[in-house]
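In what follows, a structure is listed as structure tokens, so that the remarks can point back to it.
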Amino acid sequence: MTHIVAGILAHVDAGKTTLSEALLYRSGRIRKLGRVDHGDAFLDTESLEKQRGITIHAHQASVRCGNLDLTLLDTPGHVDFAAETERVLRVLDYAILVVSGTDGVQGHTETLWRLLARYQVPTFIFVNKMDAAGADRAVALADLRRRLSDAVYELPMIAPDSGTSGSVPLIEAAQWRQAEDAENVATLDESAMDEYLETGGITLTRLRTMIAERKLFPVYFGSALKLDGVDEFMIGLETYVREPQWPAAFGARIYKISHDAQHNRLTWLKVTGGTLKAKALLTNARDSSVPSGGVPSQPDGGTVPQSVWQEKADQVRVYNGAKFDIATDIPAGSVCAVTGLTHTFPGEGLGMEPDAESPSIQPVLTYTVLPPDTDLDALAERAAAARTAAAVASEPEQGTESDGEQSKNAESDAEAAVPLAPAFDDLTLHKVITALRELEDEDPLLHVVWQERLREVHVQLMGAVQLEIIQQELHDRFGLDVVFGPGGILYRETITAPIEGVGHFEPLRHYAEAHIRLEPGELGSGVRIATAVSENVLDRNWQRLIMTHLGEREHLGVLIGAPLTDVKLTLVGGRAHLKHTEGGDFRQATYRAVRQGLMELRAGVSGRPSAAEGQTEAEFVKEAMSGGARSGDRGSDSDGGAVTTGHAGRYGYCRVLEPWYRFRLEVPQDMVGRAMSDIQRMAGTFEMGDDAGAGFGSGAAASTGSATDADYAVLTGECPVSEMRDYAMDVNAYTHGRGRLSCTFAGYRPCHDEERVVREAHYDPEADLENTPDSVFCAHGAGYPVKWYKVPEFAHVEYAG
């Protein structure tokens, strides 16, 4: 018996759940063929899924066909839940990509294809709805080869048990649907070509290997609703898959967290080595030979210490739809849900398995959670009025004030104009945050944040559909009614030059000082952490504690208070007191060091402050803040003076990043001029044809090419989310429903309207007491605060340089 875990993926409405239903029905696992539109599909187990006719969470089912035991994972198809789909990909042996025969390859289909390539998942393709008017086999196949891969081929139907007697079955060229297909498939692999030239065919073993290595992608055609082509597809799966070989050492990959009707926390995982037994003691502890995904490495080969947990797997459940069986042990290659684990998270690895890397799909919108009686229209009007007031206040008035005073008054006026959203009462607020934390446990990308400065709860979402689902889940599961304020863009901040930040925390009977070097990282690299301090300078336990504090929180930038990203934080110096240092002291020193470095970069200082002779460090920083000499102007020297990797801009060496979309726009030929003009106006880039433009600046890319056909033109490229988020409605309006826009997340780029974003944020980094850049020193038996720009004068440890 061959045991395989396969996920079924598709663009929404391609017929993914219908195909799952057909596979279950034809294999005898269900007696009645359910339908999504009737709300009785076997794998749509949740009430919200039945109501809306979409898959929201991944569900598990068992399919047995001949010698194949298939664990099927049905994944969400809507783009708002693509993060759930991405998490499932790590546990798949094979994927089944469903494509609509009438709609062809769509934008989200291409996103799924890129994810499958990233996670190296072998893929079978099923072209559905071939019974519909307009579906054409040759057109669909050409579209797959043009948009996805030229290695998509129909494979011949042969007996699934061929070769069980020990011989290697040879599939001769005569068995292929088209004679030239055998030769074309042989060209995809050198060994296959050798077999073809020697024997006139390709062995079944070689085809299985090519599929497993993603050199070949079998395609099947049919109609899942009418069961056409389903039997042939099942035989193809049974024939061409091969079971992976699993190691003896225990390992598991966690891909999902959920809660059952009794509020038991379920950890869904795939066993990738050894055996998982019920009542077994599981832990996240691992030796230094096991990498740890997003956890930064130490120079000694270990990893940054995390909270080590050890818990018992109370119950091991094997689900089939909404029902489950309780198992005593689960062999490698199987998927199950475990109760009793409270510290796990999606993407975590157990045993020999490392943690997953950061997902490529990220939310780009942030929403404020508000009481149900909030007048959203009035709130939007007040927000617009506040933005107008801030813009007017920031305009200079000639002959009245200096630039510095002007800026301060503009900030204070804008701050006063910020609208106050209605607030929950304390009891309801506690319930809302508790409920959202449970939902965040299931989907970490929800990222629930309590903004103490604003007294608001913020969540990060992919789009309007996910927002509606969260709102409904809060009502159904927790009895809470909320509304969400107008969505805002989820910005981030980064730096363009290095700096050594200093944090000192020394109230009475406490002592810690940390020096953190902040350096720009590569685009999309996130926050990386390292240490470059000898244990002779700072004990190992203190270094590990500082590293933990660097990685345990989301550091905020100093322009708009957005999360810091694409930076490397390196511990380069520090000092502890033999008697007075406690663990919490280094937490304070570390946080303050990062913020102090960011404030200096904002002032235009880079490298390390390097004052001129007779000038104090504070005077030098003040001069830089006022637009005078900057450390970058001094160049670098052998004494560890200032160095820079760029030029200081309006906001020094700090930058705001914004999310960008990768888009594909199809419009009638006579409207392509309007589309090009819109994209240029939105600061996007584009090309005509099917290849996205490589540039990220404003304006159109120069290259043009042929359109898809005589009636339609295709524009592909990238554009800021803030400009394109509502553009689909415009496309529908000016093309009278004939145009089509599909967008996928393309990462973060420098903000195209940074000045406006900073102005409207009204963020004062020095007033953010939760993230203060100042330090605390001690003299005459009492602690006293020191402003961030004076800290270098008072620091006890010399700069690393």
Side-chain angles (χ1 to χ4, degrees), residues 1-10 14-50 53-77 81 84-85 87-98 121 123-124 126 128 220 222 224-225 227 230-231 233-238 241 243 253 255-258 260-261 266-271 316-327 330-331 333-338:
M1 184 70 71
T2 302
H3 299 275
I4 292 296
V5 176
I8 186 161
L9 303 86
K16 171 181 52 60
T17 302
T18 304
L19 178 59
S20 302
E21 199 78 8
L23 293 173
L24 289 166
Y25 180 74
R26 295 302 296 170
S27 65
R29 304 299 288 185
I30 57 177
R31 296 182 179 181
K32 179 185 176 183
L33 191 63
R35 290 183 55 159
V36 173
D37 52 347
H38 293 171
D40 59 354
F42 181 76
L43 284 174
D44 284 345
T45 61
E46 301 175 12
S47 59
L48 276 176
E49 293 177 324
K50 296 178 185 293
I54 61 173
T55 302
I56 299 172
H57 299 107
H59 298 290
Q60 176 180 342
S62 178
V63 177
R64 183 163 294 182
C65 175
N67 197 46
L68 177 64
D69 185 9
L70 177 67
T71 298
L72 191 66
L73 298 181
D74 186 19
T75 65
F81 307 104
E84 173 99 356
T85 301
R87 286 191 286 267
V88 173
L89 296 186
R90 291 186 68 242
V91 302
L92 299 183
D93 301 321
Y94 288 85
I96 301 169
L97 182 65
V98 183
V121 183
T123 305
F124 287 74
F126 185 84
N128 195 24
Y220 297 84
L225 186 62
L227 301 180
V230 174
D231 290 340
F233 178 60
M234 294 174 68
I235 293 173
L237 284 176
E238 184 183 358
V241 300
E243 184 173 356
R253 296 174 181 173
Y255 69 93
K256 175 183 170 183
I257 302 295
S258 68
D260 64 13
L266 301 178
T267 298
W268 297 76
L269 54 83
K270 179 183 181 182
V271 182
V316 178
R317 302 178 180 181
V318 178
Y319 273 82
N320 188 24
K323 299 179 180 180
F324 64 87
D325 295 321
I326 298 177
I330 297 293
S334 302
V335 174
C336 64
V338 178

Return yes if some donor-acceptor pair links the side-chain N/O of [X] with the main-chain N/O of [Y] below 3.5 Å, else return no.
| X | Y | result |
| --- | --- | --- |
| R253 | R90 | yes |
| T85 | P76 | yes |
| E238 | N67 | yes |
| N128 | A14 | yes |
| N320 | S62 | yes |
| K16 | T75 | yes |

Review point. Could you walk me through whether K256 and L73 pass the side chain to side chain contact (heavy atoms under 4.5 Å, CB included) check?
Key: CA-CA 12 Å; K256 175 183 170 183; L73 298 181; over 6 Å; no

At what distance, to the nearest 0.5 angstrom, does [atom1] of [X] lie from [atom2] of [Y]?
| X | Y | atom1 | atom2 | value |
| --- | --- | --- | --- | --- |
| R317 | C336 | CZ | SG | 11.5 Å |
| L227 | R26 | CG | CZ | 6.0 Å |
| L68 | I235 | CG | CD1 | 11.5 Å |
| D74 | T17 | CG | OG1 | 4.0 Å |

With the side chain counted from C-beta on, respond yes when [X] and [Y] share a heavy-atom pair under 4.5 Å apart, and no when they do not.
| X | Y | value |
| --- | --- | --- |
| I96 | L72 | yes |
| S258 | L266 | yes |
| F126 | I8 | no |
| Q60 | V318 | yes |
| L70 | Y94 | no |

Practice item. Output, in order, the C-alpha distance, side-chain angles, deciding distance and verdict of side chain to side chain contact (heavy atoms under 4.5 Å, CB included) for T71 and D93. Key: CA-CA 10 Å; T71 298; D93 301 321; over 6 Å; no

Exercise for review: Would you check, one step at a time, whether the test side chain to side chain contact (heavy atoms under 4.5 Å, CB included) holds for L9 with V98?
Suggested key: CA-CA 6 Å; L9 303 86; V98 183; over 6 Å; no

Check your understanding: OH of Y25: more than 12 outside heavy atoms within 6.0 angstrom?
Key ->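 Atom OH in Y25 is not crowded, with 12 or fewer foreign heavy atoms closer than 6.0 Å.
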
Practice item. Begin from the C-alpha positions of D69 and H3 and carry the test side chain to side chain donor-acceptor pair (under 3.5 Å) through to its verdict. Key: CA-CA 5 Å; D69 185 9; H3 299 275; 3.1 Å; yes

Exercise for review: Mind running side chain to side chain contact (heavy atoms under 4.5 Å, CB included) on S27 and M234 for me, showing each step along the way?
Suggested key: CA-CA 9 Å; S27 65; M234 294 174 68; 3.8 Å; yes

Over all atoms of both residues, closest heavy-atom pair of [X] and [Y]:
| X | Y | answer |
| --- | --- | --- |
| A22 | A224 | CB-O, 3.7 Å |
| V121 | L89 | CG2-O, 3.8 Å |
| E84 | I56 | CG-O, 4.4 Å |
| L92 | A6 | CD2-C, 3.8 Å |

Exercise for review: Classify the ring geometry between W268 and Y319 as parallel (under 30°), tilted (30 to 60°) or perpendicular (over 60°).
Suggested key: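 The rings of W268 and Y319 sit tilted, inter-plane angle from 30° to 60°.
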
